[in-house]
Q: 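Can you read through this structure? Questions will come right after.
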Amino acid sequence: MNRLSWFNVTSLTLGFAFLYMPMVILVLYSFNESKLVTVWAGFSTKWYGELLQNEAFLDAAWVTIKVAVLSSTFATVLGTMAAYVLVRGGRFLGRTLFSGMIYAPLVMPEVITGLSLLLLFIGIGLDRGVLTIVLAHTTFSMCYVSVVVSSRLMTFDRSLEEAALDLGCSSFDAFRLVTLPIIAPAVISGWLLAFTLSLDDLVIASFTAGPSATTLPIKIFSAVRLGVSPEINALSTIMIGIVTVGVISASLISKRNSLRQQRDEQAAARTA
C-alpha cells in the first residue's frame, strides 16, 4: 500500500485551496453586514433579504431556468435521435458530413457560434428574446447529449432488441420498451449536462438575448462590471448551495443503487 508523501499532501492541499478558498471567502462575505465586500463589519443575513426583493435578479433567474429547461429538453430529444442515427444508421450518403456537423460545435469557439446565430436571427427577421436563446442553447448543447448517448449505444447489447423483435414488437416498440429504458441513465445525464451548460452560458446568450430577456449570467456580469455587491455574493452562495446539495444527492442515490445491485447479485448467486 502506497503512502502519501509530504509532497503529495502539500500539492493536494495547495490545489484544493486554490480551487475552493475563493468560494469559501465569497460565502463568508455574503453574510457581511457592511455594503463594502472587502470590509468585514459583522455577521448579517440582510443581503439575502435584499436579494429576494431585487426584481431584476429574480426576473433574470426565472428566464434562465425557463431557457435551461426548454433547451435541455429539446437538446436531449434531438441529441438522442442524432446519436441513434450515428450508431445504428450504418453507412449512408452524407454520414461523414452529418457526423462532422454534430461534433463541430464542440470545438467551435463560442464567440463564432454566437455571432453566426445572431446573423442568422437578424437575416430571418426573428426578434431576439427567450425563443432565440432557447434555439441557440439547443444548437450547441445537443452535441454534448449526442456524444453521451452514442457512447452508451455503442456498448448496448443489440441481442435484447432482436429478442423483442422476435417476440412480435415493432421497431418503435422495441426502442420504447427495451432500448430507451436501458439507455435512460445516459439520456438523463445528457439532459443534466445540457441544463448545466445552459445555466452557465454567457457568451452565446449575450449575442442572442434581447432587451426583453436577460439571463442570470448576463445580469451578474453586467452588475460586476460596476463593482461586486453583497447581493451578488448572496446569489452566488445560493447557487453554490444548490449545486452542493445536487452533487451530494446524486452521490447518495448512486451509492444506494450500487449497494442494491450488489445485494441483488449476491442473492442471485446464493439462489443459484
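Remember, it's a predicted structure, so these values are computed and weren't measured experimentally.
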Q: Between W191 and T73, is any side-chain donor less than 3.5 angstrom from a side-chain acceptor?
A: yes
Q: Indicate the atoms forming the closest heavy-atom contact of E33 with A41, along with that distance.
A: CB-O, 3.6 Å
Q: Could you walk me through whether L135 and F121 pass side-chain contact (heavy atoms from CB on, under 4.5 Å), step by step?
A: CA-CA 10 Å; L135 293 176; F121 295 145; 4.1 Å; yes
Q: Could you tell me which non-hydrogen atom of T138 sits nearest to which non-hydrogen atom of A75, and how far apart they are?
A: CG2-N, 3.8 Å
Q: Grouping I, L, V, M, F, W and Y whenever their side-chain heavy atoms are under 4.5 Å apart, do V85 and L97 come out in a common cluster?
A: no
Q: Side chains of R256 and L252, heavy atoms from C-beta outward: is any pair under 4.5 Å?
A: no
Q: Testing T132, L126, V130, L131 for side-chain contact (heavy atoms from CB on, under 4.5 Å) with R128, which one passes?
A: T132
Q: Any side-chain heavy atom of R152 sitting closer than 4.5 Å to one from V148?
A: no
Q: Same hydrophobic cluster for I102 and L197, using side-chain heavy-atom links shorter than 4.5 Å among ILVMFWY?
A: yes
Q: Does CZ belonging to F74 count more than 12 external heavy atoms closer than 6.0 Å?
A: no
Q: Could you tell me the separation between the CD1 atom of I182 and the CG atom of L177, rounded to the nearest 0.5 Å?
A: 11.0 Å
Q: Taking atom CE of M23 and atom CD1 of I25, what is their separation to the nearest 0.5 Å?
A: 12.0 Å
Q: What I'd like to find out is whether the side chain of F140 reaches to under 4.5 Å of the side chain of L106, using heavy atoms alone.
A: no
Q: Is the backbone of T96 close enough, under 3.5 Å, to the side chain of S99 for a donor and an acceptor to pair up by distance?
A: no
Q: Heavy atoms only: give me the nearest V87-L153 pair and the separation to one decimal.
A: CG1-CB, 3.9 Å
Q: What is the minimum heavy-atom distance between V134 and S71, and which atoms define it?
A: O-CB, 3.8 Å
Q: Is any side-chain heavy atom of M239 closer than 4.5 Å to one of L216?
A: yes
Q: Please determine whether residues V147 and F98 belong to a single hydrophobic cluster, defined as Ile, Leu, Val, Met, Phe, Trp and Tyr linked transitively by side-chain heavy-atom distances below 4.5 Å.
A: yes
Q: Can you tell me how far apart OG1 (T237) and OH (Y29) are? Round to the nearest 0.5 Å.
A: 13.0 Å
Q: Roughly how far, to the nearest 0.5 Å, is CD1 of I112 from CG of L117?
A: 11.5 Å
Q: Applying the 4.5 Å side-chain criterion to the ILVMFWY set and letting contacts propagate, would I242 and W62 be lumped into a single cluster?
A: no
Q: Can Y48 and S30 be said to form a side-chain contact (heavy atoms from CB on, under 4.5 Å), step by step?
A: CA-CA 8 Å; Y48 290 89; S30 68; 2.8 Å; yes
Q: What are the two closest non-hydrogen atoms of V27 and F31, and how far apart are they?
A: O-CD1, 3.2 Å
Q: With side chains defined as the heavy atoms from C-beta onward, is the minimum distance between L51 and I238 less than 4.5 Å?
A: yes
Q: Heavy atoms only: give me the nearest E110-I204 pair and the separation to one decimal.
A: O-CG1, 3.8 Å
Q: May I ask you to decide if L192's main-chain N or O and T196's side chain share a donor-acceptor pair within less than 3.5 Å?
A: yes
Q: Is any side-chain heavy atom of I220 closer than 4.5 Å to a side-chain heavy atom of F57?
A: yes
Q: So, S170 and D173: side-chain donor and acceptor under 3.5 Å apart, yes or no?
A: yes
Q: I want to check something: taking the side chain as every heavy atom from C-beta on, are N32 and F43 in contact at a cut-off of under 4.5 Å?
A: no
Q: Assess whether side-chain contact (heavy atoms from CB on, under 4.5 Å) is satisfied between F207 and V111, documenting all intermediate values.
A: CA-CA 8 Å; F207 280 97; V111 174; 4.2 Å; yes
Q: Would you say that L14 contacts F18 through its side chain, given a criterion of any heavy-atom pair below 4.5 Å between the two side chains?
A: no
Q: How long is the straight-line distance from CD of E231 back to CD of Q53, given to the nearest 0.5 Å?
A: 9.0 Å
Q: State plainly whether one hydrophobic cluster holds both L115 and I122, where clusters connect Ile, Leu, Val, Met, Phe, Trp and Tyr through side-chain heavy atoms under 4.5 angstrom apart.
A: yes
Q: Might you work through the side-chain contact (heavy atoms from CB on, under 4.5 Å) test for S236 and L26, ending with a clear yes or no?
A: CA-CA 8 Å; S236 301; L26 183 146; 3.4 Å; yes
Q: Nearest 0.5 Å, please: how far is CG in L180 from OG1 in T80?
A: 8.0 Å
Q: Output yes when a side-chain donor or acceptor of S198 lies under 3.5 Å from a complementary backbone atom of A194, and no otherwise.
A: no
